[in-house]
Asks: 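I have a structure here, written as structure tokens, and I will follow up with some questions on it.
Side chains are part of it too, since the values below use all heavy atoms of this structure and drop only hydrogens, waters and symmetry mates. Computed from a prediction, not measured in an experiment: that's the story for all the values here.
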Amino acid sequence: MKPYTLFNEASTRGLFSGKKTRAAMGSLLLLSGLAGCSPLRLLQPGQRLLSRVKVEGVKNADPERLQALTQQKPNSTFPLPKLAIYQLGRKFYNPEKLQRKLDEDRTHYNQLIQAAGTDSVQVGKLLTKRERHTRRHQLALDKGNAIMRIGEAPVIYDSSLTRASADQMATFLKSKGFFRSSVTVTDTVPTRLFSPFRVFTFRSPFHTEPRRVTVVYHVTENEPFHYTQLDYDIQDTAVARRVLLSLPQSLLHVGDQYDEEAIGGERNRIEDLLKNQGYYDFRQQYITLEADTSFAPTTVRLRTIVSKPTRGDYHRLYTVRRVNFITDAGLVRFGQNRDTLIRDSIFYLAYKHKFSTRTLDRKVAVRPGEPYSQTNTQLTQRQLSNLDMFRFSTVTYRRLRGADAPSDSTRGLLDATINASPAKKYQETSEFGGTYVAGRPGPFGNVRLKVRNVFGGAEVLEFGLRAGFEGQLNIAGQTNESPTSSRSLLTTQLGANVNLVLPQFLIPWRPNRYLSQYNPRTRFNASYTYVKRPAQYTRTNVEGTLDYIWQRSTYHQYVLTPFDLSIVRTAAITDPYFALLQQLALTQNTPVLRSFDNLFVPSFSATSLYNSNDFNETRDGHYLRLFAEVGGLTRNLYQKQPVTISLRPDPSDRLKTYDFAKFTADFRRYYKLTPQTFFVYRLAGGAVRSLTTTKTQQRGENGELLRDANGQVVQREELLVPYDKYLFAGGSSSVRAWKPRRLGTGSYTQYQRDKDGNETSERNYDLEQPGELLLEGNVEYRFPIYSFIKGAVFTDFGNVWSLQKDTVRPGAQFQLNKFYRQFAVGSGFGLRLDFSFLILRLDIATKVYDPTAPGNKWAIRRFSFAEDQTAFNLGIGYPF
């Protein structure tokens with residue numbers, strides 16, 4: 001038997017050796033093919049491929065601005081090799097076939113249209129179909145097939161565009177004060193390339209490709225020019241006085257470098273200044289700035305000239321004589337005149353007055369007897385828009401002429417008319433969709449009803465109903481007590497809420513009209529949530545809040561919540577599930593059991609939100625959200641310590657209150673690299689902590705207090721925080737390689753437990769990990785793929801820690817000398833379907849570094865698509 005065995009072993013080795021040889025030969029052929037597949041094959045005789053563009057010699061100017069002025073840029077290679085994709089698509093591109101198909105479709109539909117005769121409906125349908133088919137074929141003829149359109153056509157070098165780019169750079173440099181600068185171009189530099197695939201064709205890996213060109217723009221800046229003197233020539237003395245008084249706000253200063261952008265900004269500033277002080281007719285064309293560089297080397301004397309108006313020697317100063325506010329613009333009642341009400345000298349006109357004139361009066365910044373102001377005009381329109389009462393609102397002015405005009409030629413009068421068209425009183429919106437969480441699809445639906453001007457004071461009343469089913473991981477199914485349990489359950493969630501928004505602060509004293517520019521609002525909110533998980537628990541939450549909301553600017557909003565009252569009750573909890581929660585509390589020190597106690601959570605909070613981006617995140621912007629909350633400060637008034645905790649939560653248990661303080665911060669930065677590519681990063685953190693200790697005593701199963709051997713009631717002092725106030729990491733908007741709320745804590749490793757409570761060797765990825773300290777961040781590069789399909793590559797990092805000493809969970813406590821080694825890291829790729837009004841998102845993320853992993857923590861070495869290594873996240877909107 002031994003020789004037979006040796007023979008088979010040798011044969012097997014020979015077989016594997018043969019497979020390896022064939023694989024190596026196949027790889028060699030593939031590499032040789034790739035080496036011979038050059039994009040230069042796409043070029044026509046005499047054409048060269050633009051390989052690289054460089055700008056050299058820039059010391060003081062903005063290199064990014066200069067780089068952006070180049071009118072030709074090489075084909076992009078990151079994150080997708082666009083030229084290679086285009087070349088792949090060319091292999092399947094047949095323009096003759098496409099043209100033939102286009103002609104056949106046109107002939108076919110023309111025959112059908114002719115056969116339809118006078119049937120206008122049928123002819124219309126056929127015309128639409130013909131247009132759709134021919135447009136698709138014509139697009140393929142003009143721009144290539146779908147694969148080619150995902151890629152990029154080769155950028156053919158054009159020397160005329162290079163010269164134009166150099167001219168634009170020279171103009172830009174002179175506009176920045178580099179009057180003696182020059183830009184030269186070298187466009188005959190051959191590109192030396194390293195191509196390892198050439199080795200397989202028995203050629204040197206280094207070669208010079210004359211059909212590729214590198215363009216180098218050589219910039220010589222020389223010494224920039226600076227302002228040595230700023231003069232003003234304004235013949236209208238009234239205008240001169242206003243301009244000279246505003247010089248501390250000027251954008252130009254002696255010693256600054258000459259900058260035409262700053263000069264343009266100064267022209268805008270002077271125009272806005274005068275338009276806000278009554279000069280209704282003033283235009284920027286009256287302002288001229290002259291630069292004189294003849295006095296001394298590298299110096300500029302700048303003179304600001306404000307010329308006279310076209311007619312007359314003085315610019316006319318206008319005052320608002322009358323303000324008419326039409327609250328039902330667009331409505332017409334033939335033979336009927338609008339009724340007029342007067343409040344604070346403003347005339348309110350309507351066929352039937354439905355809005356409180358007191359409320360509207362707070363929003364009107366254009367007042368009779370005051371000089372014309374462009375800022376007040378825009379403020380009035382913005383404040384009326386923020387009311388959410390009108391479809392549109394405009395402010396127009398009419399000059400008074402003839403006998404009504406003042407005799408002084410330097411003065412003028414305006415009549416202002418505010419036209420506002422009411423929006424629908426009732427507005428209903430509904431939303432239906434589905435989620436896919438924990439391997440289970442779940443439908444959901446939301447219905448909202450908005451009622452405007454409920455009490456006549458521009459109030460907004462909103463009702464909402466929501467219902468849905470959502471998959472959640474079943475931690476109760478992870479023990480041997482229930483081996484047949486599913487890993488996930490379909491949770492029923494029902495909810496209702498009602499909001500009442502008032503367009504002013506509800507305070508004991510009468511608010512000043514000055515506050516109206518901050519768009520103040522008062523919001524009352526009440527909500528009810530019902531959650532039922534089969535064979536586990538039923539839980540309810542009733543919450544009421546009072547919010548004061550105002551805006552410091554268009555991008556900056558504040559929310560002050562002096563009252564936030566929440567009552568959490570557990571209506572039912574099953575014995576197996578409670579036993580599991582109790583086991584987790586004893587063996588892993590998790591506070592999830594406390595989330596099923598009956599709680600009363602009073603708190604007050606404040607939020608500052610700054611967001612300069614838009615809904616679709618298409619700007620270069622910033623985002624900063626700061627949130628602070630303090631709760632339970634009043635508990636000593638109605639809760640005497642020690643707190644009695646039943647061994648098993650019961651619906652009849654008395655409500656408990658815990659005091660706490662919480663702070664979170666979320667900063668995001670959006671860099672717009674090109675019109676459709678963005679680099680985004682996010683840094684977030686937070687902390688929550690109990691303010692004082694809570695004395696607790698426990699009841700046994702018979703309802704009596706537990707006592708020690710001496711008969712004394714057992715008491716403990718604990719730092720307790722309501723479970724919903726803890727911080728969590730992981731999920732579609734956090735560290736995406738981990739399941740929602742499952743990352744952490746610290747480096748502590750969770751294991752499955754058997755029915756006796758003993759740890760097994762299998763890790764537990766399904767238990768929520770609440771923490772008291774959160775640190776996380778994200779880096780993401782977003783780019784277009786094709787049409788409305790966008791892509792992203794990203795890396796996330798973060799973790800949560802406990803702030804208390806934890807002997808049960810080693811590694812869970814935050815320590816300054818260790819925390820930086822406990823950051824979890826995940827990376828992945830994402831697809832976004834951007835429909836402008838709706839963004840659907842799919843992110844695929846895998847663990848790179850897992851601080852909770854036993855042994856080797858570099859999880860990327862164990863890469864797989866298993867759910868404990870890679871996560872798939874579906875969502876609506878961008879993650880951040």
Side-chain angles (χ1 to χ4, degrees), residues 60-66 68-69 168-181 221-310 312-318 371-379 382 410 517 553-555 612 619-622:
N60 299 314
D62 188 343
E64 294 183 359
R65 296 281 297 275
L66 288 169
L69 292 174
Q168 287 188 351
M169 289 183 183
T171 302
F172 172 77
L173 289 170
K174 289 177 173 56
S175 73
K176 292 296 181 179
F178 299 96
F179 293 126
R180 297 175 181 174
S181 63
E221 294 178 345
N222 290 321
E223 189 71 19
F225 283 59
H226 294 77
Y227 304 121
T228 58
Q229 188 172 327
L230 299 175
D231 298 324
Y232 291 85
D233 182 1
I234 307 174
Q235 298 185 21
D236 188 327
T237 56
V239 171
R241 183 172 61 255
R242 287 170 167 80
V243 172
L244 295 178
L245 286 174
S246 71
L247 287 184
Q249 290 79 44
S250 174
L251 303 180
L252 306 176
H253 307 90
V254 173
D256 288 353
Q257 184 174 321
Y258 179 87
D259 188 344
E260 288 185 4
E261 284 187 279
I263 290 175
E266 178 67 5
R267 292 182 69 198
N268 292 331
R269 186 192 71 84
I270 294 176
E271 180 188 23
D272 292 341
L273 169 75
L274 297 176
K275 276 185 169 295
N276 288 327
Q277 296 191 17
Y279 291 93
Y280 175 73
D281 288 329
F282 192 84
R283 298 293 182 269
Q284 193 178 118
Q285 288 76 5
Y286 293 119
I287 307 172
T288 305
L289 288 97
E290 294 182 350
D292 190 346
T293 60
S294 62
F295 286 89
T298 69
T299 63
V300 178
R301 289 187 176 183
L302 191 68
R303 184 170 61 160
T304 302
I305 302 172
V306 180
S307 59
K308 295 180 180 180
T310 306
D313 294 331
Y314 300 97
H315 292 277
R316 183 169 293 182
L317 187 66
Y318 284 88
Y372 164 79
S373 170
Q374 180 177 255
T375 298
N376 288 343
T377 302
Q378 296 170 348
L379 178 61
R382 186 169 64 249
T410 64
Q517 63 180 313
S553 66
T554 305
Y555 305 126
S612 62
R619 297 177 184 166
D620 192 301
H622 298 75

Asks: With rounding to the nearest 0.5 Å, note down the distance linking CD in Gln235 to OH in Tyr314.
Replies: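 Answer rounded to 0.5 Å: 10.0 Å.
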Asks: Looking at Glu266 and Leu251, would you say the former's side chain and the latter's main chain have a donor-acceptor pair under 3.5 Å?
Replies: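 Yes.
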Asks: How are the rings of Tyr258 and Phe179 set relative to one another: parallel (under 30°), tilted (30 to 60°) or perpendicular (over 60°)?
Replies: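 Tyr258 vs Phe179 ring planes: tilted.
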Asks: Show, in sequence, the C-alpha distance, side-chain angles and deciding distance for Leu230 and Thr304, and conclude whether the side-chain contact (heavy atoms from CB on, under 4.5 Å) test is met.
Replies: CA-CA 8 Å; Leu230 299 175; Thr304 302; over 6 Å; no
Asks: Starting at CG of Asn376, measure out to CD of Gln517 and round the result to the nearest 0.5 Å.
Replies: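 If we round to the nearest 0.5 Å, Asn376:CG and Gln517:CD are 9.0 Å apart.
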Asks: Do Pro297 and Glu223 make a side-chain contact, defined as non-hydrogen atoms from C-beta onward lying under 4.5 Å apart?
Replies: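 Answer no - side chains too far apart.
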Asks: Can you see whether Ser175 engages Glu261 through a side-chain donor-acceptor pair at a distance of less than 3.5 angstrom?
Replies: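 No donor-acceptor contact under 3.5 Å links the two side chains.
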Asks: Which distance, rounded to the nearest 0.5 Å, do you find between the CG of Leu252 and the CG of Asp259?
Replies: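 Answer for the CG-CG pair, Leu252 versus Asp259, is 9.0 Å.
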Asks: Taking the basic N atoms (NZ, or NE/NH1/NH2) and the acidic carboxylate oxygens, is any pair closer than 4.0 Å for Glu260 and Lys174?
Replies: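 Judged by the 4.0 Å cut-off on N to carboxylate O distance, Glu260 and Lys174 do not form a salt bridge.
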Asks: Check whether Arg267 reaches the backbone of Ile287 with its side chain - one donor and one acceptor, N or O, closer than 3.5 Å.
Replies: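 Pair found, side chain donor or acceptor close to backbone of Ile287.
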Asks: I need the minimum non-hydrogen distance between Arg180 and Phe225, along with the two atoms involved.
Replies: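 The answer is NE-CZ, 3.8 Å.
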Asks: Any chance CD of Glu64 has more than 12 other-residue heavy atoms, nucleotides or ligands included, within less than 6.0 Å?
Replies: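 Atom CD in Glu64 is not crowded, with 12 or fewer foreign heavy atoms closer than 6.0 Å.
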Asks: Before giving the answer on side-chain contact (heavy atoms from CB on, under 4.5 Å), spell out for Thr228 and Phe295 the whole-Å C-alpha distance, their side-chain angles and the decisive distance to 0.1 Å.
Replies: CA-CA 10 Å; Thr228 58; Phe295 286 89; over 6 Å; no
Asks: In the structure I gave you, are the side-chain heavy atoms of Leu302 and Ile263 within less than 4.5 Å of one another anywhere?
Replies: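 Yes, at least one pair of side-chain atoms sits under 4.5 Å.
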Asks: Looking at Gln168 and Leu69, what are the two nearest heavy atoms and their distance?
Replies: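 The pair with the smallest heavy-atom distance is OE1-O, 3.5 Å.
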Asks: For the side chain of Gln257 and the backbone of Lys176, is there at least one donor-acceptor N/O pair under 3.5 Å apart?
Replies: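 Present.
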Asks: Quick check: closest heavy atoms across Ser373 and Asn276, and the distance to 0.1 Å?
Replies: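 Heavy atoms only, the tightest pair is OG-OD1, 3.5 Å.
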Asks: Mark yes or no for whether Glu221, through its side chain, and Ala61, through its backbone, hold a donor-acceptor pair below 3.5 Å.
Replies: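 Looks like yes, one N/O pair under 3.5 Å.
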Asks: Given ring pair (Phe, Tyr, Trp, His ring centres under 6.0 Å), test Tyr318 with Tyr372 step by step and report yes or no.
Replies: CA-CA 6 Å; Tyr318 284 88; Tyr372 164 79; 8.0 Å; no
Asks: Roughly how far, to the nearest 0.5 Å, is CD of Glu271 from CD of Gln285?
Replies: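 Rounded to the nearest 0.5 Å, the CD-CD separation comes to 7.5 Å.
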Asks: Considering all heavy atoms of both residues, which atom of Leu245 and which atom of Gln249 are nearest to each other, and what is their separation?
Replies: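 Leu245 and Gln249 have their closest heavy atoms at O-OE1, 4.5 Å.
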Asks: Does the side-chain contact (heavy atoms from CB on, under 4.5 Å) test come out yes or no for Phe282 and Leu273, once each step is laid out?
Replies: CA-CA 10 Å; Phe282 192 84; Leu273 169 75; over 6 Å; no
Asks: Can you tell me how far CD1 of Ile270 sits from CZ of Arg242, rounded to the nearest 0.5 angstrom?
Replies: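 It comes to 14.0 Å.
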Asks: Over all heavy atoms of both residues, which pair between Gly621 and Ser612 is shortest? Give the atoms and the distance, please.
Replies: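 Answer, listing the atom of Gly621 first, then Ser612: CA-OG, 3.2 Å.
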Asks: What is the distance from atom CG of Asp281 to atom OH of Tyr286, rounded to the nearest 0.5 Å?
Replies: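 OH of Tyr286 is found 7.0 Å from CG of Asp281.
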Asks: Compare every heavy atom of Gly278 with every heavy atom of Pro371, then report the nearest pair and how far apart it is.
Replies: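 Smallest interatomic distance, heavy atoms only, reads CB-CA, 4.0 Å.
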Asks: Given the rule in the side-chain contact (heavy atoms from CB on, under 4.5 Å) test, do Leu173 and Leu66 qualify, once you have shown the distances and angles that lead to the verdict?
Replies: CA-CA 9 Å; Leu173 289 170; Leu66 288 169; 4.3 Å; yes
Asks: Do side-chain atoms of His315 reach the backbone of Ser307 as a donor and acceptor pair under 3.5 angstrom?
Replies: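 Yes: the side chain of His315 pairs with the backbone of Ser307.
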